[in-house]
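To start, the structure under review is shown below, and the notes come after it.
First the proteins, then the strands, lettered A, B, ... as listed; each starts at 1.
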Number of protein chains: 2
Amino acid sequence: MASIRDVAKAAGVSLGTVSNAINRPEILAPRTLRKVQKVIEDMGFVPNASARNLRAGRNRVIGLVVPDISNPFFTDLARGVNNAAFAAKYVVILCNTDESSEKESQYLDVLSAQNVEGILITPARETTRALASVTEKGIRLALVDRPALGLQACSVAVNDSYGGSLALTHLYDLGHRSIVLLTGSEDIPQVADRNAGIRETLNEIPASDRPNIIELRLDSMSASNAYSAIMKKLESGIDFTGVICGNDLIALGAIRAFREKNISVPEDVSVIGYDDIDFAGSANVPLTSISQPAYELGYAAAELIISECENPERHVHQRVEFQPRLIVRSSTAPTKSHRATLKIS
Amino acid sequence: MASIRDVAKAAGVSLGTVSNAINRPEILAPRTLRKVQKVIEDMGFVPNASARNLRAGRNRVIGLVVPDISNPFFTDLARGVNNAAFAAKYVVILCNTDESSEKESQYLDVLSAQNVEGILITPARETTRALASVTEKGIRLALVDRPALGLQACSVAVNDSYGGSLALTHLYDLGHRSIVLLTGSEDIPQVADRNAGIRETLNEIPASDRPNIIELRLDSMSASNAYSAIMKKLESGIDFTGVICGNDLIALGAIRAFREKNISVPEDVSVIGYDDIDFAGSANVPLTSISQPAYELGYAAAELIISECENPERHVHQRVEFQPRLIVRSSTAPTKSHRATLKIS
DNA sequence: CTGAAAGCGCTTACAG
DNA sequence: CTGAAAGCGCTTACAG
């Protein structure tokens, strides 16, 4: 590889002059500058980043650690992070942990060995120790979709509790009073928070009018699991008019089960999803869903950590919270009795 | 940040000894080694990567440039790249170009400024010049899902022409003789290759028995576009029994249109998708599709470029080609006349 | 087995 | 405006 010394020799100037041509072109005599630039161009010279970074004491690299990049939520998040980084001339190392906390801590070591300036992470449960040791090494941290739990770090999140509340309120307003909650394990913080939001909202409703909630837990939040769960539930008849789903795939699986049993959505049963995946709007029954601003979340997280890297002393840790939004499509409708009521009034 | 010099001072040894403790622990006296390791541990010391890389002349960083990380194909590809890199202790910088060749060339500059050792890229059309200049700078290249076009580079690809052939042969074997080809612009190389595969296979069939192909082109390969295109096509009646789709979303959109017109899939019309996305198996009508080994593609590409980085002189450029696979589910079936024929024989 | 020294490629005061 | 020199943090022969 050509070095700055080769360029200097070829251009007949000193080594410092070449460096100035690259970093402070305005202080060179125009003729000298042109001469040097031409040689750089001709040789295809690119300064050695390691040497530059060694001098500068920084490298404009950040790491992004996610549990599952195949999940559309994290894909969008990654896009947001990338675009924010690109705009600030930073670069992102992507680390996909496949939900394994062992792999997560290995990746943290890799990133620290790379001396990244900051790490954006949606940590697995119980990895606060590994994270604390990262911050001790002077690497800045921003937590995505998780509370900071006493760590010196910024965090960005979606208000999941509000998301749960949105879903329940929507069905409640449509007159639903018996609702299936079809979701995953409460070990998943997002699931727990949404359920908490649902319970809270429930308690604000006078007991006489309070919807009855039937909880069904899925091992894995997939369409096929949801299909089976609803098929099984329907064996004992149908004692509900609405379903709140943990994500859109669950909603699609549930709708398939209803259709197979000739139960019409939304005439007989309303179904609401979560995440508002790309496909939600093009489904057979376009899905009502809760949209999470994953891209914005990633963009904001990257901006936070980059601003911390650029201005460590002036930086104050903060928590940014985004609100999910209800997207109403065709999979939810007023209950029959509610429609009747509406006609009367 | 602590440096190797601080560690040496704290441990009461020379600077070279600390370095040896890190890089060649076996040559130190056990007592000295333990002493130094303890200090390293206590201080949370991490060697400066820039300095190491400057000495070593390499940094174990590769770049991955993709047009759209939201596309499940590229998401899976990225997972493969990441896992291969992780296994080889490399790290991946992710670059998402949003299909813009301007952004692509900016990213190439960024990556070259970072002095990555290699770049994996699915290039936009007409960027061979930018790529050539990258290789001139001594950065190794591997092309993903594109021919190398005279570049000094390895390449990995899926045999798209064979994929097209698989789809056509499947419908042909089921007795379909009038088939709609619902796909995107031939400017997209994959689309062009698949269509070429279809035409080739067509020509191998005796003219008397050769299926009639009706081509419909979509501006954008989305479910809603496909829905509209099929709705419009059906206005003039139904003169086909099968549909070959450019991707699974198109297939899902088409099926929705058929259902709305009370045309049953697969009894009246067979529909075959492409990509075998996660959701294909859980759709209302589980989709027959062509599966592309995206993860494997990424893994192989990363392995190729890493082996080139590790052994530049022994390396020989190569092209690795993967075969797509036909995944038969419930959206395709024999035509009615074919079923009759089967009964007779 | 340990320690002093050279050098990786660059940037930036500093003297001219 | 130009050029010689120091030093960023590390690794690795080399002498002891």
Side-chain angles (χ1 to χ4, degrees), chain A residues 1-40 43-61 89 112-117 137-139 309, chain B residues 1-40 43-61 89 112-117 137-139 309:
Chain A
M1 279 272 49
S3 82
I4 208 175
R5 164 166 279 118
D6 303 318
V7 176
K9 202 172 296 171
V13 296
S14 86
L15 185 155
T17 301
V18 177
S19 175
N20 283 331
I22 297 168
N23 301 295
R24 307 187 282 185
E26 65 284 1
I27 76 167
L28 288 196
R31 272 201 52 192
T32 322
L33 178 59
R34 271 197 304 276
K35 187 171 60 177
V36 176
Q37 282 176 334
K38 176 147 191 348
V39 175
I40 289 179
M43 300 180 70
F45 168 71
V46 182
N48 180 305
S50 299
R52 285 189 118 165
N53 294 339
L54 175 55
R55 284 270 347 193
R58 41 182 310 205
N59 58 13
R60 292 179 168 269
V61 179
K89 296 180 190 298
S112 110
Q114 289 281 341
N115 292 135
V116 297
E117 294 192 43
K137 286 171 187 158
I139 302 178
C309 293
Chain B
M1 280 273 48
S3 84
I4 209 175
R5 167 167 276 120
D6 303 318
V7 176
K9 202 171 295 172
V13 297
S14 87
L15 187 154
T17 301
V18 177
S19 176
N20 283 331
I22 297 167
N23 301 295
R24 308 187 280 185
E26 65 284 0
I27 76 168
L28 288 196
R31 272 201 54 191
T32 322
L33 178 58
R34 270 198 303 277
K35 187 171 60 179
V36 176
Q37 283 176 333
K38 179 152 188 348
V39 174
I40 290 179
M43 301 179 69
F45 168 70
V46 182
N48 181 304
S50 301
R52 286 189 115 164
N53 294 338
L54 175 55
R55 284 269 347 189
R58 42 183 307 204
N59 59 13
R60 293 178 167 270
V61 178
K89 296 178 192 297
S112 110
Q114 290 280 341
N115 293 134
V116 297
E117 293 191 42
K137 286 171 187 157
I139 301 179
C309 293

- Task: Compare every heavy atom of Ala113(B) with every heavy atom of Ala49(A), then report the nearest pair and how far apart it is.
- Result: CB-O, 3.2 Å
- Query: Which heavy atom in Asn48(B) sits nearest to a heavy atom in Ala51(B), and how many Å separate them?
  - Reply: OD1-N, 2.9 Å
How long is the line joining [atom1] of [X] and [atom2] of [N], in whole Å?
X: Ile4(A); N: dT12(C); atom1: CD1; atom2: P; value: 11 Å
X: Leu15(B); N: dA13(D); atom1: CG; atom2: C1'; value: 15 Å
X: Asn23(B); N: dT12(D); atom1: CG; atom2: C1'; value: 10 Å
X: Arg58(A); N: dG9(D); atom1: CZ; atom2: C1'; value: 18 Å
X: Asn115(B); N: dC8(C); atom1: CG; atom2: P; value: 16 Å
X: Ile22(A); N: dC10(C); atom1: CD1; atom2: P; value: 7 Å
X: Asn20(A); N: dT11(C); atom1: CG; atom2: P; value: 9 Å
X: Leu54(B); N: dT12(D); atom1: CG; atom2: C1'; value: 14 Å

Tell me what [X] touches on the nucleic acid: a base, only sugar-phosphate, or nothing, going by heavy atoms under 4.0 Å.
X: Asn53(B); answer: nothing
X: Leu28(A); answer: sugar-phosphate
X: Ser3(B); answer: sugar-phosphate

For [N] and [X] - does any side-chain N or O of the residue sit under 4.0 Å from the phosphate oxygens OP1/OP2?
X: Thr17(A); N: dG3(D); answer: yes
X: Ser14(A); N: dT2(D); answer: no
X: Asn48(A); N: dC10(C); answer: no
X: Thr32(B); N: dT2(C); answer: yes
X: Arg52(A); N: dT11(C); answer: yes

- Task: Would you kindly say whether Arg52(A) and Asn115(B) are connected by a side-chain donor-acceptor distance under 3.5 Å?
- Result: no
- Message: Which nucleotide, if any, forms a Watson-Crick or G-U wobble pair with dT2(D), using both distances under 3.5 Å?
- Response: dA15(C)
- Query: Is a side-chain N or O of Glu117(B) found less than 3.5 angstrom from the main chain of Asn59(B), in a donor-acceptor match?
  - Reply: yes
- Enter the distance from Asp6(B):CG to Leu15(B):CG here, rounded to the nearest 0.5 Å. 10.0 Å
- Note on the structure: When Val46(A) and Gly12(B) are each assigned the nearest nucleotide of DNA chain C, the 5'-most assignment goes to Gly12(B)
- Find which nucleotide of DNA chain C each of Arg55(B) and Arg24(A) is nearest to by heavy atoms, and output the residue with the more 5' nucleotide. Arg55(B)
- The nucleotide from dC1(C), dT12(C), dC8(C) with an atom nearest the side chain of Ala29(B) is dC1(C)
